[in-house]
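Notes for the one structure printed next.
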Amino acid sequence: MLEDVEESVTVEVVEGGDAFVAAVHGDVDVDNFRRVREVLFTCLNRGAPALVVDLDDVGFFGSMGIAVLVEARQRADVLDVGFAVVAGRRAVARPIRVADMEELLGLHRTLDEALAAVRGGGSDGFSWWSS
């Protein structure tokens, strides 16, 4: 387990056999998005078979957070690594939805749904926002 801390954000990474889970805690904003990016790219560059970014404990999620997720998703695609995002809280899901990034980011309500998706057994996961 790795833990990286910067003032208002903590990213805890749990390395499982078939997926890494990066759980972000705190606020993701212009002051600390680089730290989140660094941790996500470290996971991808270390050979994660799949990466799930769990944002369920994020209080504020701005446009820089979305940009980091898009960049990480692009890197995951280049490396042929499964990628999904957990965003069950409105404070995180809403900005992603407004930016129309649900499908691209593989957005899911729960960690179990996201893990199932990166393991090949889940649904798209983002459709629950459209109604």
Side-chain angles (χ1 to χ4, degrees):
M1 186 182 328
L2 302 170
E3 192 167 323
D4 293 303
V5 179
E6 186 165 314
E7 281 185 39
S8 62
V9 70
T10 301
V11 184
E12 180 183 0
V13 178
V14 177
E15 299 180 19
D18 57 356
F20 287 17
V21 176
V24 182
H25 309 281
D27 297 333
V28 179
D29 57 28
V30 71
D31 293 327
N32 60 24
F33 75 92
R34 287 177 191 85
R35 190 67 186 138
V36 175
R37 181 190 182 279
E38 178 183 333
V39 173
L40 298 183
F41 273 72
T42 296
C43 290
L44 292 167
N45 293 332
R46 286 181 62 188
L51 178 60
V52 174
V53 183
D54 186 349
L55 302 175
D56 261 356
D57 195 31
V58 171
F60 175 82
F61 194 74
S63 61
M64 293 308 296
I66 294 170
V68 166
L69 293 179
V70 169
E71 190 177 6
R73 174 57 191 249
Q74 290 171 338
R75 179 73 177 149
D77 287 348
V78 166
L79 297 172
D80 197 28
V81 170
F83 187 87
V85 175
V86 178
R89 296 180 70 183
R90 183 175 173 89
V92 176
R94 190 164 198 278
I96 293 171
R97 182 174 181 222
V98 168
D100 196 26
M101 294 290 168
E102 304 100 319
E103 186 172 5
L104 175 73
L105 295 177
L107 205 57
H108 297 272
R109 236 186 332 197
T110 68
L111 180 57
D112 287 341
E113 289 174 4
L115 286 169
V118 298
R119 292 174 177 149
S123 66
D124 291 345
F126 64 90
S127 60
W128 67 278
W129 276 290
S130 40
S131 51

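All residue numbers in this chain count up from 1 along the given sequence. Excluded from the calculations below are hydrogen atoms, water molecules and symmetry mates; all remaining heavy atoms, backbone and side chain alike, are included.
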Smallest separation among heavy atoms of [X] and [Y], with atom names:
X: Leu51; Y: Ala22; answer: CD1-CB, 4.3 Å
X: Ala87; Y: Leu107; answer: CB-CD1, 3.6 Å
X: Leu104; Y: Arg73; answer: O-NH1, 2.8 Å
X: Arg90; Y: Pro95; answer: O-CD, 3.9 Å

Any cation-pi pair here, Arg37 with Phe33, using under 6.0 Å and within 45°? no
Can you name the one residue among Asp27, Val92, Asp29 that meets side-chain contact (heavy atoms from CB on, under 4.5 Å) with Phe61? Val92
Passing option when Val68 is tested against Val24, Leu40, Val53 for side-chain contact (heavy atoms from CB on, under 4.5 Å): Leu40
Using 0.5 Å steps for rounding, measure from the CD atom of Glu103 to the CG atom of Leu105.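 With rounding to 0.5 Å, CD (Glu103) is 10.5 Å from CG (Leu105).
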Donor-acceptor check, side chain of Arg89 to backbone of Val58, threshold 3.5 angstrom: yes or no?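 Yes, the answer is positive, given that a donor and an acceptor are paired below the 3.5 Å cut-off.
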Any chance you could lay out the side-chain contact (heavy atoms from CB on, under 4.5 Å) test for Ile96 and Leu69, step after step, and finish with the verdict? CA-CA 10 Å; Ile96 293 171; Leu69 293 179; 4.3 Å; yes
Contact check, side chains of [X] and [Y], non-hydrogen atoms, under 4.5 Å:
X: Val21; Y: Val86; answer: no
X: Phe83; Y: Arg75; answer: no
X: Arg35; Y: Val11; answer: no
X: Met101; Y: Ile66; answer: yes

Tell me if the CG atom of Asp80 is crowded by more than 12 foreign heavy atoms within 6.0 Å.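 No, the 6.0 Å shell around CG holds no more than 12 heavy atoms from other groups.
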Who pairs with Asp56 by salt bridge (Lys or Arg N to Asp or Glu O under 4.0 Å), at least two apart in sequence or on another chain?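 Per chain and number, Asp56 pairs via salt bridge (Lys or Arg N to Asp or Glu O under 4.0 Å) with no residue.
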Partners passing salt bridge (Lys or Arg N to Asp or Glu O under 4.0 Å) against Asp57 (at least two apart in sequence or in another chain): none
Looking only at side chains, do Asn32 and Ser8 share a donor and an acceptor under 3.5 Å apart?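 There is such a pair (donor and acceptor under 3.5 Å, judged by atom type) between the side chains of Asn32 and Ser8.
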